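Structure record follows, encoded as structure tokens.
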Amino acid sequence: MIIRKAKDKDAKDIIRLLSQVLEIHAVIRPDIFISGTTKYTEQEVIDIINDENRLTFVVADDNDKVIAYALCIIQEQPFLNNMVAFKSLFIDDLCVDQSARGQKIGSKLFNYVKNEAKKMGFYELTLNVWEGNDSAKSFYDKMGMKTKESQLELIL
């Protein structure tokens, strides 16, 4: 197993894993997510891999098959005039193949991303978790993440 930056050839495997993430979300929020789809197309994943404002990491097995990924976005703060300027690394998406879960692969990948962010001088690592995705919340709690802000909704 190796953790490395993603390559164009990894896009098909990332799409396969994106579909697993989508199905989790479609169960939690079928009013928002469409089962059988993915967040990005294969070409969009390739564009993300090659985008200088993004970092994409994968965990590959001994056959170089991608079994986990982290899609990250480099963000420059502030959003507003009253905020201190800093760089943030936003984890847009992170997934471990359902057949490889429970082997600490997610922890290794998360810690790799965290260490890379530290080396690159980022102030913070951020991400969003959908309400109802209790396994993801539990995982990120174990990784030391804390709630920064909450987004509330009122369905009309």
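Note that the structure is a prediction, hence the values are computed from the model and not measured.
A heavy-atom distance below 4.5 Å is not found between the side chains of Tyr123 and Gln77. Side-chain contact between Lys108 and Ile3 is present, with heavy atoms from C-beta onward closer than 4.5 Å. Phe57 places a side-chain heavy atom less than 4.5 Å from the side chain of Lys5. Side-chain contact check for Leu18 versus Tyr69: some heavy-atom pair is nearer than 4.5 Å. Between Lys148 and Glu124, the closest side-chain pair of non-hydrogen atoms falls below 4.5 Å. For the pair Val45/Thr38, no side-chain contact is recorded, criterion being any heavy-atom separation below 4.5 Å from C-beta on.
Tyr140 and Phe122 fall within the same hydrophobic cluster, defined by Ile, Leu, Val, Met, Phe, Trp and Tyr side-chain heavy atoms under 4.5 Å apart, directly or through other members. Under a hydrophobic clustering in which Ile, Leu, Val, Met, Phe, Trp and Tyr are joined whenever their side-chain heavy atoms come within less than 4.5 Å, directly or via other members, Phe139 and Leu71 fall into different clusters. Put simply, Leu125 and Leu55 are part of the same group of oily side chains (I, L, V, M, F, W, Y) that touch within less than 4.5 Å, one to the next. By the rule that hydrophobic residues join a cluster once side-chain heavy atoms approach within less than 4.5 Å of another member, Leu94 and Val66 end up as members of separate clusters. Tracing side-chain contacts under 4.5 Å through hydrophobic residues (I, L, V, M, F, W, Y), one never reaches Ile46 starting from Tyr40; they form parts of separate clusters.
Between Leu17 and Cys95, the shortest heavy-atom distance links the atoms O-SG, 3.7 Å. Across all non-hydrogen atoms, the minimal contact from Lys39 to Asp93 is NZ-OD2, 3.3 Å. Ile91 and Cys72 make their closest contact through CG1-SG, 4.1 Å (heavy atoms, listed as atom of the first residue, atom of the second, distance). Across Thr41 and Glu44, no two heavy atoms sit closer than the pair N-OE1, 2.7 Å. Annotation for Ala68 and Leu109: closest pair CB-CD2, 4.0 Å, computed over non-hydrogen atoms. Across all their heavy atoms, Ile73 and Arg54 have their closest contact at CG1-NH1, 3.5 Å.
The backbone N or O of Met1 lies less than 3.5 Å from a partner atom in the side chain of Asp62, making a donor-acceptor pair. Side chain of Asn111 to backbone of Ser107: a donor-acceptor contact under 3.5 angstrom is found. Side-chain atoms of Asn63 do not come within 3.5 Å of backbone N or O of Lys65 as any donor-acceptor pair. With Gln98 contributing its side chain and Gln20 its backbone, the two residues share no donor-acceptor pair below 3.5 Å. Remark: the backbone N or O of Val96 is paired with a side-chain donor or acceptor of Arg101 at under 3.5 angstrom.
Under the 4.0 Å criterion applied to side-chain N and carboxylate O atoms, Lys7 and Asp64 are not assigned as salt-bridge partners. The existence of a salt bridge linking Glu131 and Lys137 is confirmed by a sub-4.0 Å separation between a basic side-chain nitrogen and an acidic carboxylate oxygen.
Leu156 belongs to a hydrophobic cluster whose other members, connected by ILVMFWY side-chain contacts under 4.5 Å either directly or through intermediates, are Leu154.
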Test log, rule side chain to side chain contact (heavy atoms under 4.5 Å, CB included), inputs Leu89 and Ile74: CA-CA 5 Å; Leu89 188 61; Ile74 298 169; 4.0 Å; yes
Using the side chain to side chain contact (heavy atoms under 4.5 Å, CB included) rule, take Asn128 and Phe90 through it: C-alpha gap first, then chi angles, then the decisive distance, then the call. CA-CA 9 Å; Asn128 296 328; Phe90 176 75; 3.6 Å; yes
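Remark: Arg16 engages Asp13, Asp97 in a salt bridge (charged side-chain N to carboxylate O under 4.0 Å, His left out) (not counting sequence neighbours).
The distance from atom CG of Asp8 to atom CD of Gln43, rounded to the nearest 0.5 Å, is 8.5 Å. Atom CD1 of Ile49 sits about 6.0 Å away from atom CG of Asp10, to the nearest 0.5 Å. Taken to the nearest 0.5 Å, the CD atom of Gln75 stands 10.5 Å off from the CG atom of Asn53.
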Contacts table for residues 80-87: side-chain donor-acceptor under 3.5 angstrom, sequence neighbours left out:
none

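When the shell of 6.0 Å around NZ of Lys9 is examined, it contains more than 12 heavy atoms from other residues, nucleotides or ligands. The number of heavy atoms from other shown groups lying within 6.0 Å of NZ (Lys104) does not exceed 12.
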